[in-house]
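Keep in mind it's a predicted model, so treat the numbers as computed, not measured. If you read the sequence from its start, that first residue is 1, and numbering goes on from there.
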Amino acid sequence: MKTRQTLILGKERFRVGPWHADPRIAYLSLTPDVPQPSVAGLQRCLRRLDEEGFSSVITAALHPEEANAFVQTGFVEYDRLRVLSHPLRDLDPPRRRPDPRVRLRRARQGDRGPALEVDARAFPPFWRLDGDGLDEAIRATPKSRFRVASMDGKVVGYAVTGRAGAQGFLQRLACDPDHAGTGIGSELVLDACRWAGRRRAGRVLVNTQAGNDRALALYRRLGFELTPTDLVVLTRTIP
């Protein structure tokens with residue numbers, strides 16, 4: 001198994017494939033609009049991953065209700081994400097305005113590589129996206145938008161925003177560290193919120209690592225509020 005694929009096991013479906021940071025580790029995520037996984041379904045999934053030669057598995061971020069069957073199957077917590085919500089009221093808070101040369105625009109096909117380069121510079125290895133991960137972020141909701149921030153023709157940041165029903169999601173945000181603190185991240189976040197608001201979303205959700213104080217401060221400053229529910233990333237060895 002060299003790329004991510006959908007594993008169909010009866011009525012259950014899992015997205016599986018090699019983790020970008022280590023091909024011996026399987027990455028496992030749930031597919032939208034499919035019932036929560038069962039212990040039996042996860043056990044069958046693990047057997048298939050064992051047959052494919054993986055030594056361990058790590059999950060996408062899971063809601064606590066989704067995580068129950070995983071915990072019963074022997075998964076343990078690897079990391080925890082805080083979830084924040086923006087009520088889409090004040091979309092022009094006081095903030096540092098970016099360099100006037102910075103332009104936000106729709107991403108083109110040729111922007112994928114530069115955006116992933118920015119992503120690799122912005123995140124530690126575990127949290128970086130590869131091409132499959134970017135595709136999953138874009139396809140995670142029925143409606144989505146992939147925007148980049150460019151400066152003098154160079155991509156210096158990007159955002160993936162989605163909407164499902166009345167819910168907006170900031171799926172991914174990354175800015176080149178060389179431009180940290182210049183206001184580019186703020187503009188991308190507020191641009192995403194405005195897009196969701198124009199499409200009648202009632203709020204926008206975003207998540208970030210519990211220890212990412214810089215990102216948490218950015219979102220709080222722009223009007224996001226912490227929710228009581230955390231997401232968890234789980235892992236276990238195979239078999």
Show the numbers, then the answer: is there a side chain to side chain contact (heavy atoms under 4.5 Å, CB included) between Thr235 and Val76? CA-CA 6 Å; Thr235 186; Val76 296; 4.1 Å; yes
Stepwise side chain to side chain contact (heavy atoms under 4.5 Å, CB included) check, Arg13 with Leu9: CA-CA 6 Å; Arg13 297 185 180 187; Leu9 301 171; over 6 Å; no
Test side chain to side chain contact (heavy atoms under 4.5 Å, CB included) applied to Ile58 and Leu234, step by step: CA-CA 6 Å; Ile58 196 156; Leu234 305 176; over 6 Å; no
Could you please spell out the steps behind the side chain to side chain donor-acceptor pair (under 3.5 Å) verdict for Glu12 and Ser38? CA-CA 8 Å; Glu12 299 186 56; Ser38 66; 2.5 Å; yes
Could you please spell out the steps behind the side chain to side chain contact (heavy atoms under 4.5 Å, CB included) verdict for Ser55 and Ile238? CA-CA 5 Å; Ser55 60; Ile238 300 174; 6.0 Å; no
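For the pair Pro18 and Ile25, the minimum side-chain heavy-atom distance is 4.5 Å or more. With a 4.5 Å cut-off on side-chain heavy atoms, Arg95 and Asp92 count as touching. Here the side chains of Arg44 and Leu46 are not in contact, with every heavy-atom distance at 4.5 Å or above. Side-chain contact between Met151 and Asp99: present, with at least one pair of heavy atoms (C-beta onward) separated by less than 4.5 Å. Using a 4.5 Å heavy-atom cutoff, the side chains of Phe75 and Thr59 are in contact. Residues Val118 and Val156 form no side-chain contact, since every pair of their non-hydrogen atoms from C-beta on lies 4.5 Å or further apart. Looking only at side-chain heavy atoms (C-beta outward), Leu216 and Leu226 come within less than 4.5 Å of each other. Side-chain atoms of Leu84 and Leu205, non-hydrogen and from C-beta on, never get closer than 4.5 Å to each other.
With His86 contributing its side chain and Val206 its backbone, the two residues share no donor-acceptor pair below 3.5 Å. Although no hydrogens or angles enter the test, the distance criterion places no donor-acceptor pair under 3.5 Å between the side chain of Thr141 and the main chain of Ala164. Without hydrogens or angle criteria, Arg221 side chain to Phe224 main chain gives no donor-acceptor distance under 3.5 Å. In this structure, the side chain of Arg220 does not engage the main chain of Ala215 through any donor-acceptor pair within 3.5 Å.
The only member of Asp111, Leu173, Leu134, Leu104 that meets side chain to side chain contact (heavy atoms under 4.5 Å, CB included) when paired with Tyr158 is Leu134. Among the candidates Glu225, Gln167, Arg89, the single residue satisfying the side chain to side chain contact (heavy atoms under 4.5 Å, CB included) test with Arg203 is Gln167.
In this structure, Leu218 CG and Asp213 CG are separated by 12.5 Å, a value rounded to the nearest 0.5 Å. Once rounded to the nearest 0.5 Å, the distance linking CD of Gln5 with CG of Asp132 reads 10.5 Å. Put simply, OG1 on Thr229 and CZ on Arg82 are 9.5 Å apart, with the number rounded to the nearest 0.5 Å. Distance check, rounded to the nearest 0.5 Å: CZ of Arg145 to CZ of Arg199 gives 7.0 Å. With rounding to the nearest 0.5 Å, the separation of SG in Cys45 from CG in Leu28 is 4.5 Å. Atom-to-atom distance recorded for Cys193:SG and Leu222:CG is 8.0 Å, nearest 0.5 angstrom.
Within a 6.0 Å sphere centred on CZ of Arg198, heavy atoms belonging to other residues, nucleotides or ligands number more than 12.
Residues Leu30 and Pro37 come closest through the heavy atom pair CD1-CD, 3.9 Å. Taking every heavy atom of both residues into account, Leu88 and Gly202 meet most closely at CD1-C, 4.0 Å. Taking every heavy atom of both residues into account, Pro23 and Phe54 meet most closely at O-CE2, 3.3 Å. Residue Leu188 comes nearest to Ala174 through the heavy atom pair CD1-O, 4.4 Å, listed as atom of the first residue, atom of the second, then distance. In terms of heavy atoms, Arg128 sits closest to Ala120 at NE-O, 2.9 Å. In plain terms, the two heavy atoms of Ala149 and Ile184 that are nearest each other are CB-CG2, 3.7 Å.
Looking at Arg194 and Asp90, no side-chain N of the basic residue comes within less than 4.0 Å of a carboxylate O on the acidic one, giving no salt bridge. Taking the charged nitrogens against the carboxylate oxygens, Asp230 and Arg80 do have a contact shorter than 4.0 Å, which makes a salt bridge. A salt bridge is defined here as a Lys NZ or Arg NE, NH1 or NH2 lying under 4.0 Å from an Asp or Glu carboxylate O, and Arg24 with Asp22 meets this definition. The existence of a salt bridge linking Glu136 and Arg4 is confirmed by a sub-4.0 Å separation between a basic side-chain nitrogen and an acidic carboxylate oxygen. Taking a cutoff of 4.0 Å between a charged side-chain nitrogen and a carboxylate oxygen, Arg112 and Asp135 qualify as a salt bridge.
Residues Ile138 and Trp195 do not share a hydrophobic cluster, defined by chaining ILVMFWY side chains whose heavy atoms lie under 4.5 Å apart. One hydrophobic cluster holds both Leu62 and Val71 under the rule that ILVMFWY side chains link at heavy-atom gaps under 4.5 Å. Hydrophobic clustering, with ILVMFWY side chains joined whenever heavy atoms are under 4.5 angstrom apart, groups Val148 together with Val160. The same ILVMFWY cluster, assembled from side-chain heavy atoms under 4.5 Å apart, contains both Phe146 and Leu129. Linking Ile, Leu, Val, Met, Phe, Trp and Tyr residues whenever their side-chain heavy atoms come within less than 4.5 Å places Leu81 and Tyr78 in a single cluster.
Within the cation-pi definition used here (under 6.0 Å to the ring centroid, within 45° of the axis), Arg172 qualifies as a partner of Phe123.
A side-chain N or O of Arg15 and one of Thr6 form a donor-acceptor pair less than 3.5 Å apart. Using modelled atom types and a 3.5 Å distance limit, the side chains of Ser144 and Gln171 yield no donor-acceptor pair.
With ring centers used as reference points, Trp19 lies under 6.0 Å from Phe126.
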